[in-house]
Amino acid sequence: MASEDVKILGGWPSPYVMRPRIALNIKSVNYEFLQEQFGSKSDLLLKSNPVYKKIPVMIHGEKPICESLIIVQYIDEVWDSGHSILPSDPYDRAVAKFWATYIDDKWFPGLRAISRAEGEDAKKEAAEEVIAGLVLLEDAFIKCSKGKSFFGGEKIGYLDIALGCFLASLTVTEKMGNIKLLDENKTPNLFKWAEKFSSDAAVKDVMPETGKLMDFAKVLIAKSKAS
């Protein structure tokens, strides 16, 4: 087994930081969590990720690995403990990476747009786009899961981690906007999946508590309006 000299640079509210932490939990790898202060960047972060200068960064044996999904893939390839995170079939792996890219490039930016929308019409339009994306992901879940509990099958996989890290942010957006996004009637499979993912042993201890995350979000919104 690879050396477990592992550090994660990140912050508890970040969904992207959740990804490598879940992957390490799946592999039963011990790691040190070095929390960055939001609004500032430590010397270690700037040294470890001089290109993007952002979290998360995993340092494994003094070697930094950057970008959340790249880190997840690295963890899966380095440690053979636990189950495989990425699909073994090349086509299934390509499909999972496609949807993970969609989530990061299109769906999550749409979710963030809801809280930034000015006026009820704009908020409604942003919410409708997010819901439409969830309907697409519902169909992707049906195809990828092949009747099992997770995108990855019987156990949490790459695409589960890619989407599941945003569930806390989704809940906070629903509560703060008084809207329903993940609907049991429109996306029943995703609705059930979300409950199973959030309660999984690899996830529940790193999933931000809703109230605490909501307070953090309110502070960020207030700062953005003041600037």
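This chain uses plain numbering: 1 for the first residue, then up along the sequence. Note that the coordinates shown come from a computational prediction; the quantities given were computed from them, not determined experimentally.
A distance of 11.5 Å separates CG of Asp5 from NZ of Lys63, quoted to the nearest 0.5 Å. To the nearest 0.5 Å, atom OG of residue Ser48 and atom CE of residue Met58 are 12.0 Å apart. Going from atom OG of Ser84 over to atom OH of Tyr158 covers 14.5 Å, rounded to the nearest 0.5 Å. Atom OG of residue Ser198 and atom NZ of residue Lys204 lie 11.5 Å apart, to the nearest 0.5 angstrom. Once rounded to the nearest 0.5 Å, the distance linking CD1 of Ile22 with CG of Asp200 reads 8.5 Å. In this structure, OG1 on Thr187 lies 9.5 Å from CG on Leu181, to the nearest 0.5 angstrom.
In this structure, Lys54 forms a cation-pi arrangement with Tyr52, its terminal cationic atom sitting closer than 6.0 Å to the ring centre and no more than 45° off the ring axis.
In this structure, Asp43 places its CG atom where only 12 or fewer heavy-atom neighbours from other residues, nucleotides or ligands lie under 6.0 Å away. Under a cut-off of 6.0 angstrom, the local environment of CG in Asn178 is sparse, with at most 12 non-hydrogen atoms contributed by other residues, nucleotides or ligands. With a 6.0 Å radius and a threshold of 12 heavy atoms from other residues, nucleotides or ligands, Glu62 has its CD atom at or below the threshold.
Of all non-hydrogen atoms in Ser14 and Ile55, the two that sit nearest each other are CB-CD1, 4.3 Å. Taking each heavy atom of Met176 and Ala217 in turn, the nearest pair found is SD-CB, 4.0 Å. Closest non-hydrogen pair, Phe191 versus Leu182, comes out as CD1-O, 3.7 Å. The two residues Leu69 and Ala162 have their closest heavy-atom pair at CD2-CB, 4.1 Å. Taking each heavy atom of Ala96 and Leu159 in turn, the nearest pair found is O-CD1, 3.8 Å. In terms of heavy-atom proximity, Ile71 sits nearest to Pro56 at CD1-O, 3.8 Å.
Residues Ile179 and Val135 are members of separate hydrophobic clusters, defined by side-chain heavy-atom contacts under 4.5 angstrom among Ile, Leu, Val, Met, Phe, Trp and Tyr. At a threshold of 4.5 Å between side-chain heavy atoms, the hydrophobic network of Ile, Leu, Val, Met, Phe, Trp and Tyr places Val51 and Ile65 in two separate groups.
Formation of a donor-acceptor pair under 3.5 Å by the His60 side chain with backbone atoms of Val78 is not found in this model. With hydrogens and angles disregarded, a donor-acceptor distance shorter than 3.5 Å links the side chain of Glu209 to the backbone of Gly211. The backbone N or O of Ser40 lies less than 3.5 Å from no partner atom in the side chain of Gln37, so there is not a single donor-acceptor pair.
Looking at heavy atoms from C-beta onward, Leu137 lies in side-chain contact with Tyr102 at the 4.5 angstrom threshold. With a 4.5 Å cut-off on side-chain heavy atoms, Ile8 and Leu34 do not count as touching. Under the 4.5 Å side-chain criterion, counting only non-hydrogen atoms from C-beta, Lys180 is in contact with Glu174. Here the side chains of Ile85 and Ile156 are not in contact, with every heavy-atom distance at 4.5 Å or above. You'll find the side chain of Trp193 reaches within 4.5 Å of the side chain of Leu167, heavy atoms only. Annotation: side chain of Val6 is not in contact with side chain of Glu32 (no heavy-atom distance under 4.5 Å). Side-chain contact between Pro20 and Tyr74 is absent, with no heavy-atom pair separated by less than 4.5 Å. In this structure the side chain of Val172 never reaches within 4.5 angstrom of the side chain of Phe216, judged on heavy atoms.
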N/O donor-acceptor pairs under 3.5 Å from side chains in residues 146-155, not counting sequence neighbours:
from   : atom 1 : to     : atom 2 : distance (Å)
Lys146 : NZ     : Asp92  : OD2    : 3.1
Ser149 : OG     : Lys196 : NZ     : 3.4

Review point. Passes salt bridge (Lys or Arg N to Asp or Glu O under 4.0 Å), Arg19 versus Asp104? Steps please.
Key: CA-CA 12 Å; Arg19 290 172 169 174; Asp104 280 1; 2.7 Å; yes

Practice item. Tell me, with the steps shown, if Phe197 and Leu190 meet side-chain contact (heavy atoms from CB on, under 4.5 Å). Key: CA-CA 10 Å; Phe197 179 86; Leu190 277 187; over 6 Å; no

Review point. side-chain contact (heavy atoms from CB on, under 4.5 Å) between Asn25 and Asp205: does it pass, once the steps are laid out?
Key: CA-CA 10 Å; Asn25 286 345; Asp205 289 340; 5.6 Å; no

Review point. Given Lys27 and Asp76, is the salt bridge (Lys or Arg N to Asp or Glu O under 4.0 Å) satisfied, shown in steps?
Key: CA-CA 8 Å; Lys27 297 292 184 176; Asp76 194 36; 3.1 Å; yes

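Under the salt bridge (Lys or Arg N to Asp or Glu O under 4.0 Å) criterion, Asp183 pairs with no residue at all, not counting sequence neighbours. Remark: Glu77 pairs with Gln73 by the side chain to side chain contact (heavy atoms under 4.5 Å, CB included) rule, at least two apart or across chains. With sequence neighbours excluded, the residues satisfying side chain to side chain contact (heavy atoms under 4.5 Å, CB included) with Asn189 are Glu138, Phe141, Ile142. With sequence neighbours excluded, the residues that form a salt bridge (Lys or Arg N to Asp or Glu O under 4.0 Å) with Lys143 are Asp139.
No hydrogens or angles considered: a donor-acceptor pair under 3.5 Å links the side chains of Tyr31 and Arg21.
Not less than 6.0 angstrom separates the ring centroid of Trp12 from the ring centroid of Phe33.
Within the structure, the side-chain hydrogen bond (donor to acceptor under 3.5 Å, both in side chains) test picks out no pair touching residues 120-135 (sequence neighbours left out).
In this pair, Tyr16 and Phe108 present their aromatic rings perpendicular. The plane angle is above 60°, beyond the 30 to 60° band.
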